[in-house]
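These figures come from a predicted structure and were not determined experimentally. Order of the sequence lines fixes the chain letters, A, B, ..., with proteins taken first and strands second; residue numbering starts at 1 for each chain.
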There are 2 protein chains.
Amino acid sequence: MDRTHRTRSIEAATSPGSAAVSRRARLRDDLEQVILGEAERVFADKGFDGATVSDIAEAAGLSKQNLMYYFPSKQALYERVLDDVLDDWLRSMNALAHSDLPMPQALRLYIQAKLEFSRRRPAGSRVYALEVISGAKQYAQQIKSKVVPVLRKDIATLNRWMEPRQVKVSAEHLMFAIWAATQSYADFATQMQLVTGRSSLSDAFFAQAQETLTQMVLGALGSAEASA
Amino acid sequence: MDRTHRTRSIEAATSPGSAAVSRRARLRDDLEQVILGEAERVFADKGFDGATVSDIAEAAGLSKQNLMYYFPSKQALYERVLDDVLDDWLRSMNALAHSDLPMPQALRLYIQAKLEFSRRRPAGSRVYALEVISGAKQYAQQIKSKVVPVLRKDIATLNRWMEPRQVKVSAEHLMFAIWAATQSYADFATQMQLVTGRSSLSDAFFAQAQETLTQMVLGALGSAEASA
DNA sequence: GTCTATAGCCCGATAGAC
DNA sequence: GTCTATCGGGCTATAGAC
């Protein structure tokens, strides 16, 4: 994903050609990453409107005025967070459409990748979920151009596998269920912790999640027995 | 659910015993319902912090000062919305634990009820989801006391059915998947509409959702063949 | 690049006339 | 119960000294 939202003008302003440039650029990049990381957490916790620039700045260890030297506006910072999360997600997912494995195995890995993303980047997942649930008013265009085509292709691929086998469940809804279930291990972690009584979610917990969800998907395809 | 958050003091102030009382009380109740309905929509669209009292008042057709005559604070209004949604949800769900049907049939009805709730009250579902995803900072206590016990019981019931049959998937994660998938038809409706290209979700769409999800659950239990 | 100061705005909530 | 008026506060964003 491109970095359109970055403050290019300021980068261009750092005197080019001097020996100090790369070092300064490095520091700037590091600081940007710190800010983006904290922004992701704060936006996930409080939503776009609930989060304040001060909150994020304090978490990143600088003043809000200083933060706004690196990012031109709260809105731009928010979009960068969403861009980075979406970018990471698209890179992490091995699309069903581009896999040359047999379908049950491809689905198994698909579920694993999505589940691992929820675990590795829960705050990012939650920021994305908050945006979509609230109607994606700020981000609908990006979703339409970057997410929807990938998902449509995956559904079509799954459908092409299912049809000759006369599987009668819907490929579309099967994919919806996979997204929803895997996503929920980031989004609803709070509620899961309350139900299980655990304060954090362990390796074993996620392994069970993966196993159960895989059995559900393969079970619906009528090949549960082939997956033990 | 009780109505602790209602402005009892004002109700008590309406001169009791007169013929006009019931009519006035009726109007008040109606107006309260209008406000609550609009509040649910606005909170779902913008979150607690993004929503303003003015937004809700305008949607309900009164001034914000007038709205705050009926609800003492934005916070109280928000909690009433969540209370009402949770109340409705608990009444709508025929808990697995209290069903005397055979398990596959009980699960089928459970999925149907949850799916119907997502369809009937999408805004309420989304307000609840936004609250949980953001860490349920305002509502954790209510979830702990009213939601978690029900879900724990359902998981235990399902587990008691699974164990003698040596089903090796996890009852806990099976239930998590059911909640997540059914909930997503309210929460991620926007994204689903973008993927399917439809502007609204039809009867047939929900029927397919129900069928597919049921097959997934029963398939994981190894009784897919018993469900046609 | 990092400060202080502040503009400009909108918010939730209250007071009080009618 | 419904108005007008307003207070006090927090917010994003900008200006300008250093």
Side-chain angles (χ1 to χ4, degrees), chain A residues 5-16 18 20-35 39 42-43 45-81 138, chain B residues 5-16 18 20-35 38-39 42-43 46-81 138:
Chain A
H5 295 107
R6 259 171 85 181
T7 51
R8 285 248 176 253
S9 59
I10 291 163
E11 275 180 87
T14 51
S15 48
S18 87
V21 168
S22 61
R23 206 177 325 146
R24 267 197 245 141
R26 190 62 221 288
L27 283 173
R28 159 176 281 276
D29 273 4
D30 285 351
L31 189 47
E32 265 190 9
Q33 286 309 314
V34 172
I35 294 170
V42 175
F43 281 134
D45 267 20
K46 312 196 181 184
F48 177 78
D49 291 293
T52 70
V53 176
S54 284
D55 290 338
I56 298 167
E58 189 181 358
L62 35 73
S63 69
K64 70 171 171 175
Q65 295 91 336
N66 200 186
L67 186 152
M68 297 190 77
Y69 171 77
Y70 292 94
F71 292 91
S73 70
K74 181 186 178 181
Q75 180 70 31
L77 177 56
Y78 180 68
E79 283 170 14
R80 251 302 284 285
V81 169
Q138 312 201 47
Chain B
H5 295 106
R6 261 169 85 179
T7 51
R8 286 247 175 253
S9 58
I10 291 165
E11 275 181 89
T14 51
S15 48
S18 85
V21 169
S22 61
R23 206 176 326 146
R24 266 198 246 140
R26 191 63 220 290
L27 283 174
R28 160 175 281 275
D29 273 5
D30 286 351
L31 188 47
E32 267 189 8
Q33 286 310 313
V34 171
I35 293 170
E38 297 301 326
V42 175
F43 281 134
K46 314 197 180 183
F48 177 78
D49 290 293
T52 71
V53 176
S54 284
D55 289 338
I56 298 167
E58 188 180 358
L62 35 72
S63 69
K64 72 169 171 177
Q65 294 91 336
N66 200 186
L67 186 152
M68 297 191 75
Y69 171 76
Y70 292 93
F71 293 91
S73 70
K74 181 186 179 182
Q75 180 71 32
L77 176 56
Y78 180 69
E79 284 171 14
R80 251 303 283 286
V81 168
Q138 312 202 46

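Summarising the geometry, the separation between CG on A:N66 and C1' on D:dT12 is reported as 16 Å, rounded to the nearest angstrom. Between the OH atom of A:Y69 and the P atom of C:dT2 there is a distance of 8 Å, rounded to whole Å. At whole-Å resolution of the value, CG in A:L62 and P in C:dC3 are 8 Å apart. Here the P atom of nucleotide C:dG1 and the CD1 atom of A:I35 are 11 Å apart, to the nearest Å. Spacing between atom CD1 of A:I56 and atom P of D:dG10 amounts to 18 Å, rounded to whole angstrom units.
One finds the CG atom of B:L77 at 10.0 Å from the CD atom of B:Q75 (value rounded to the nearest 0.5 Å). In this structure, CE in B:M68 is found 11.5 Å from CD1 in B:I35, a value given to the nearest 0.5 Å. Within the model, atoms OH of B:Y70 and CG of B:L62 stand 7.5 Å from one another, a figure rounded to the nearest 0.5 Å. One finds the CG atom of B:L27 at 12.0 Å from the CD atom of B:E32 (value rounded to the nearest 0.5 Å). Taken from CD1 in A:I56 to OH in A:Y78, the straight-line distance is 11.0 Å, to the nearest 0.5 Å.
Rounded to 10 degrees, the angle separating the terminal axes of the helix from C:dG1-D:dC18 to C:dC18-D:dG1 is 10°, with each axis obtained from five end pairs.
Contact detail for B:A59 and B:E38: the closest heavy-atom pair is CB-OE1, 3.4 Å.
In this structure, A:K74 is positioned above the aromatic face of A:F48, its NZ or CZ under 6.0 Å from the six-membered ring centre and within 45° of the axis.
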(message) Treating primed atoms plus P, OP1 and OP2 as sugar-phosphate and everything else as base, which nucleotides of nucleotides 6-18 of chain C get B, S or - for protein heavy atoms under 4.0 Å?
(response) -----SBBB----

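Checking the phosphate oxygens (OP1, OP2) of C:dC3, a side-chain nitrogen or oxygen of A:S63 falls inside 4.0 Å. Between D:dT2 and B:Y70, a contact under 4.0 Å exists linking OP1 or OP2 to a side-chain N or O.
A salt bridge links A:D55 to A:K46: at least one charged side-chain nitrogen sits closer than 4.0 Å to a carboxylate oxygen.
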